[in-house]
Amino acid sequence: MLGYDFSGYFRAFPFGVILFDFLFILVAIPIEAYILNKRLKFDKRTSVFYAISINVFSNVIGWIIFFLVEASSLFDRYKLELISFLLYNSLGDNVYSSIVLTAFIAFFGTLMVKFGLLRLFILALSDPPEKNAEPEPEDTILLSRKMHRGSRKSFQATSLLTTTLIANSLSYSAITLVLIFRMFARTNVQ
């Protein structure tokens, strides 16, 4: 067992993909937590919890979708290019338009998944409303005034979809900058 060479397995194992996926999650979580904190007025702990949850779950869902699509015959044309990129960090010249299309699909797919997950988590983790006794007649006027003021504030508040769009856009922009830095670092080294 001591004389066995494991280096063959490590050359084929995509450590770079795993590390960059981990880096992308580490970049996205603080950005999205900040947006959730500022726009939806969650406290910091709740914002970080929701950001971690939606990013980890959407990442897992994304990998599951990737492996399902990769196994289909639709993906046969790009398998060699993908393997070349994952293992050797190089791309052919004829796949850049497909990468742009895939990036748009991934962005909007991730947006919808994150929105659905955030909505699901908020509904599942929120406290059920308490049943209050009917207000007294004189309290009804004060209650309606408070509700009217609250509806004006809720009208001014941002929607969950808009907040998810902003958070997803900023995190994708930061990830794109990381990829651009990686590309420039790779070209400067070679």
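What you see is a predicted model; the values in this text were computed from it and never measured. For the single chain, residues carry numbers from 1 onward in sequence order.
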Could you check whether the rings of Phe66 and Trp63 sit parallel, tilted or perpendicular, using 30° and 60° as the cut-offs? perpendicular

Donor-acceptor side-chain pairing of Asp21 and Asn59 below 3.5 angstrom: yes

Less than 4.5 Å apart, side chain to side chain, heavy atoms only: is that true for Thr164 and Leu36? no

Hey, does Phe24 have a side-chain heavy atom less than 4.5 Å from the side chain of Ser171? no

Apply the test side chain to side chain contact (heavy atoms under 4.5 Å, CB included) to residues Met112 and Leu161: give CA-CA distance (whole Å), side-chain angles for both, the deciding distance (0.1 Å), then the verdict. CA-CA 9 Å; Met112 290 299 117; Leu161 182 61; 4.1 Å; yes

When every non-hydrogen atom of Ala33 is compared with those of Ser47, the smallest separation belongs to O-CB, 3.3 Å

Beyond-backbone contact of Leu177 with Ser173, side-chain heavy atoms, under 4.5 angstrom: no

Check the hydrophobic clustering (I, L, V, M, F, W, Y; side-chain heavy atoms under 4.5 Å; chains of links allowed) and say if Ile105 and Leu111 are grouped together. no

Would you say CZ of Phe22 has more than 12 non-hydrogen atoms from neighbouring residues, nucleotides or ligands within 6.0 angstrom? no

What I want to check is whether the side chains of Ser58 and Asn55 have a donor and an acceptor closer together than 3.5 Å. no

Point-to-point distance, once rounded to the nearest 0.5 Å, from CD1 of Ile175 to CD1 of Ile31: 7.5 Å

Pair Thr162-Ser159, side-chain donor/acceptor within less than 3.5 Å: yes

Please report the interatomic distance NZ(Lys41) to OG1(Thr163), rounded to the nearest 0.5 Å. 10.0 Å

Can you confirm whether Ile54 sits close enough to Phe115 that some side-chain heavy atom of one is under 4.5 Å from a side-chain heavy atom of the other? no

If hydrophobic clusters are built by linking Ile, Leu, Val, Met, Phe, Trp and Tyr wherever their side-chain heavy atoms come under 4.5 Å apart, do Leu165 and Leu118 end up in the same one? yes

Taken to the nearest 0.5 Å, the spacing of Leu170 CG from Ile35 CD1 works out to 5.0 Å

Do you see a donor-acceptor pair shorter than 3.5 Å between the side chains of Lys114 and Asn168? yes

Is Asn37 reaching over with its side chain to a backbone N or O of Phe42, donor-acceptor style, under 3.5 angstrom? yes

What about Val178 and Tyr34, same hydrophobic cluster or not, with Ile/Leu/Val/Met/Phe/Trp/Tyr joined at side-chain heavy-atom distances under 4.5 Å? yes

Would Phe67 end up clustered with Val113 when hydrophobic side chains under 4.5 Å apart are linked, directly or stepwise? yes

Should the ring pair Tyr50 and Phe121 be called parallel, tilted or perpendicular, given that the plane angle runs from 0 to 90° and is split at 30 and 60? parallel

Roughly how far, to the nearest 0.5 Å, is the CG atom of Leu40 from the CD1 atom of Ile122? 6.0 Å

In the single-linkage hydrophobic clustering (I, L, V, M, F, W, Y; side-chain heavy atoms under 4.5 Å), do Leu120 and Val56 co-cluster? no

